[in-house]
Enquirer: 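One structure, as structure tokens, below. Some questions next.
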Amino acid sequence: MAATPGLGRPVESFALPGGVLDGDDTFVRREYRLDERRGRPLVLAFYPGDDTSVCTKQLCAYSTGLETFTDLGAEVWGISPQDVDSHEAFARKYGLRMPLLADTDRAVARTFGITAPGIGVRRAVFLIAPDGTLHWKHVALLGATFQPVRTLAGELTALTS
């Protein structure tokens, strides 16, 4: 397994297709580029699959907590191996309001060192600082739980302090 980016080290930029539900319930598709987020913190939430039990709980919690993230100047991107059509159906079914990105070939997951035999992608969260360096990370061994909004908010607060 490849090594994850080191804490305090620059995170290599990437581009993935994705989309987000806007205020009119239109699913707006576009390419998301990590380098576009420079100057603001970013939460990358990797998850194994759309519309699965733990992933649904995780993404619903993050979507419900979006105001907490935006109050801290951060955006949340959900990333999984499913395609953008699957992400649109998932977002619509649960009213998810954060961008969902499609890493169908798992290239970005490999860069972050979180691919795993059998499950494809480990549940993981990476907090990228405004300068593009890795501030904090959590990679789940089993993936049956996820990092709560309050933990991520605490790390974002420490980043901006």
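We're numbering straight along the sequence, starting at 1.
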Enquirer: Where do Leu21 and Ala91 come nearest, in terms of heavy atoms and distance?
Expert: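 Heavy atoms only, the tightest pair is CD1-O, 3.3 Å.
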
Enquirer: So Ser86 and Asp50, side-chain hydrogen bond (donor to acceptor under 3.5 Å, both in side chains) or not? Walk me through it.
Expert: CA-CA 7 Å; Ser86 176; Asp50 291 340; 2.7 Å; yes

Enquirer: Heavy atoms only: give me the nearest Ala61-Val149 pair and the separation to one decimal.
Expert: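 That closest heavy-atom pairing would be O-CG2, 3.6 Å.
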
Enquirer: To the closest 0.5 Å, what do you measure between CZ (Arg40) and CD1 (Ile128)?
Expert: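 Answer for the CZ-CD1 pair, Arg40 versus Ile128, is 14.0 Å.
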
Enquirer: Would you call Arg97 and Glu67 a salt bridge, using N to O less than 4.0 angstrom?
Expert: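 No, Arg97 and Glu67 are not salt-bridged.
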
Enquirer: Is there a side-chain contact between Val76 and Leu152 (heavy atoms, below 4.5 Å)?
Expert: no

Enquirer: Do Phe146 and Val54 have side chains that approach each other closer than 4.5 Å (heavy atoms only, starting at C-beta)?
Expert: yes

Enquirer: Assigning hydrophobic clusters by single linkage (Ile, Leu, Val, Met, Phe, Trp, Tyr; side-chain heavy-atom cutoff under 4.5 Å), is Val11 placed with Leu7?
Expert: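 Same hydrophobic cluster.
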
Enquirer: Of the non-hydrogen atoms in Ala15 and Glu31, which two are nearest, and what is the gap between them?
Expert: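 It is CB-CD, 3.6 Å.
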
Enquirer: Without swapping roles, check the side chain of Thr52 against the backbone of Pro48 for a donor-acceptor pair under 3.5 Å.
Expert: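 No; zero donor-acceptor contacts below 3.5 Å.
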
Enquirer: Ion pair present between Glu75 and Arg37, side-chain N to carboxylate O less than 4.0 angstrom?
Expert: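 A salt bridge links Glu75 with Arg37.
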
Enquirer: Is it the case that the side chains of Asp131 and Thr133 hold a donor-acceptor pair, with the cut-off being a distance below 3.5 Å and no angle test?
Expert: yes

Enquirer: Quick check for you: to the nearest 0.5 Å, what is the distance between Asp51 atom CG and Ser80 atom OG?
Expert: 11.0 Å

Enquirer: Assign the ring pair Phe14 / Trp77 to parallel, tilted or perpendicular, where the plane angle (0 to 90°) is split at 30° and 60°.
Expert: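 Aromatic pair Phe14/Trp77 classed perpendicular.
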
Enquirer: If you count every heavy atom of other residues, nucleotides or ligands that lies below 6.0 Å from Glu12 atom CD, does the total exceed 12?
Expert: no

Enquirer: Carefully, step by step, assess Glu88 and Lys93 under the rule salt bridge (Lys or Arg N to Asp or Glu O under 4.0 Å).
Expert: CA-CA 8 Å; Glu88 179 176 358; Lys93 184 173 181 179; over 6 Å; no

Enquirer: Same cluster for Val139 and Val108 if Ile/Leu/Val/Met/Phe/Trp/Tyr side chains link at under 4.5 Å?
Expert: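 In one cluster: yes.
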
Enquirer: Output yes when a side-chain donor or acceptor of Asp24 lies under 3.5 Å from a complementary backbone atom of Thr26, and no otherwise.
Expert: no

Enquirer: Roughly how far, to the nearest 0.5 Å, is CG of Leu66 from CE of Met98?
Expert: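 The CE atom of Met98 sits 5.0 Å away from the CG atom of Leu66.
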
Enquirer: State which residues pass ring-ring contact (aromatic ring centres under 6.0 Å, His included) with Phe46; sequence neighbours excluded, sorted by chain then number.
Expert: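 Phe112, Phe126.
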
Enquirer: Taking it one step at a time, do Val43 and Phe69 satisfy side chain to side chain contact (heavy atoms under 4.5 Å, CB included)?
Expert: CA-CA 9 Å; Val43 177; Phe69 294 114; 4.2 Å; yes

Enquirer: Tyr47 and Gln58: which non-hydrogen atoms are nearest, and at how many Å?
Expert: CB-OE1, 3.8 Å

Enquirer: Examine distances only and state if a side-chain atom of Arg30 and a backbone atom of Gly18 form a donor-acceptor pair shorter than 3.5 Å.
Expert: no

Enquirer: More than 12 heavy atoms of other residues, nucleotides or ligands under 6.0 Å from CZ of Arg9: is that the case?
Expert: no

Enquirer: Less than 4.5 Å apart, any side-chain heavy atom of Leu159 and any of Pro130?
Expert: yes

Enquirer: Could you tell me if the side chain of Leu134 sits less than 4.5 Å from the side chain of Pro5, heavy atoms only?
Expert: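 Answer yes - side chains close enough.
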
Enquirer: With a distance cut-off below 6.0 Å to the six-membered ring centre and an angular limit of 45° from the axis, does Arg92 pair with Phe90 as a cation-pi contact?
Expert: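 Output no; distance or angle outside limits.
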
Enquirer: Between Ser63 and Leu96, which heavy-atom pair has the shortest distance, and what is it?
Expert: OG-CA, 3.5 Å

Enquirer: Does one hydrophobic cluster hold both Phe27 and Val20, with members joined at side-chain heavy-atom distances below 4.5 Å?
Expert: no

Enquirer: Could you tell me whether Asp103 and Arg110 make a salt bridge, using a distance below 4.0 angstrom between a side-chain N and a carboxylate O?
Expert: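 Salt bridge between Asp103 and Arg110, a charged N being under 4.0 Å from a carboxylate O: no.
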
Enquirer: Hey, does Leu44 have a side-chain heavy atom less than 4.5 Å from the side chain of Ile79?
Expert: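 Side chain of Ile79 against side chain of Leu44, heavy atoms only: contact under 4.5 Å found.
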
Enquirer: Applying the side-chain contact (heavy atoms from CB on, under 4.5 Å) test to Lys57, which of Cys55, Ser53, Cys60 qualifies?
Expert: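 Checked Cys55, Ser53, Cys60 against Lys57; only one passes side-chain contact (heavy atoms from CB on, under 4.5 Å): Ser53.
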
Enquirer: Taking His87 for its side chain and Leu101 for its backbone only, find out whether a donor-acceptor pair lies under 3.5 Å.
Expert: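 Side chain of His87 to backbone of Leu101, a donor-acceptor pair under 3.5 Å: yes, one is there.
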
Enquirer: Say you draw a straight line from CZ of Arg106 to OG1 of Thr104; how long is it, rounded to the nearest 0.5 Å?
Expert: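 Rounded to the nearest 0.5 Å, the CZ-OG1 separation comes to 8.5 Å.
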
Enquirer: Do the non-hydrogen side-chain atoms of Leu127 and Lys137 ever get within less than 4.5 Å of each other?
Expert: no

Enquirer: If I compare all heavy atoms of Ser13 with all of Asp35, which pair ends up nearest, and what's the gap?
Expert: OG-N, 3.2 Å

Enquirer: Does the pair Leu59 and Tyr94 meet the rule for a side chain to side chain contact (heavy atoms under 4.5 Å, CB included), with working shown?
Expert: CA-CA 9 Å; Leu59 277 286; Tyr94 296 101; over 6 Å; no

Enquirer: How long is the straight-line distance from OG1 of Thr145 back to CZ of Arg123, given to the nearest 0.5 Å?
Expert: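 Spacing of CZ (Arg123) from OG1 (Thr145) equals 8.0 Å.
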
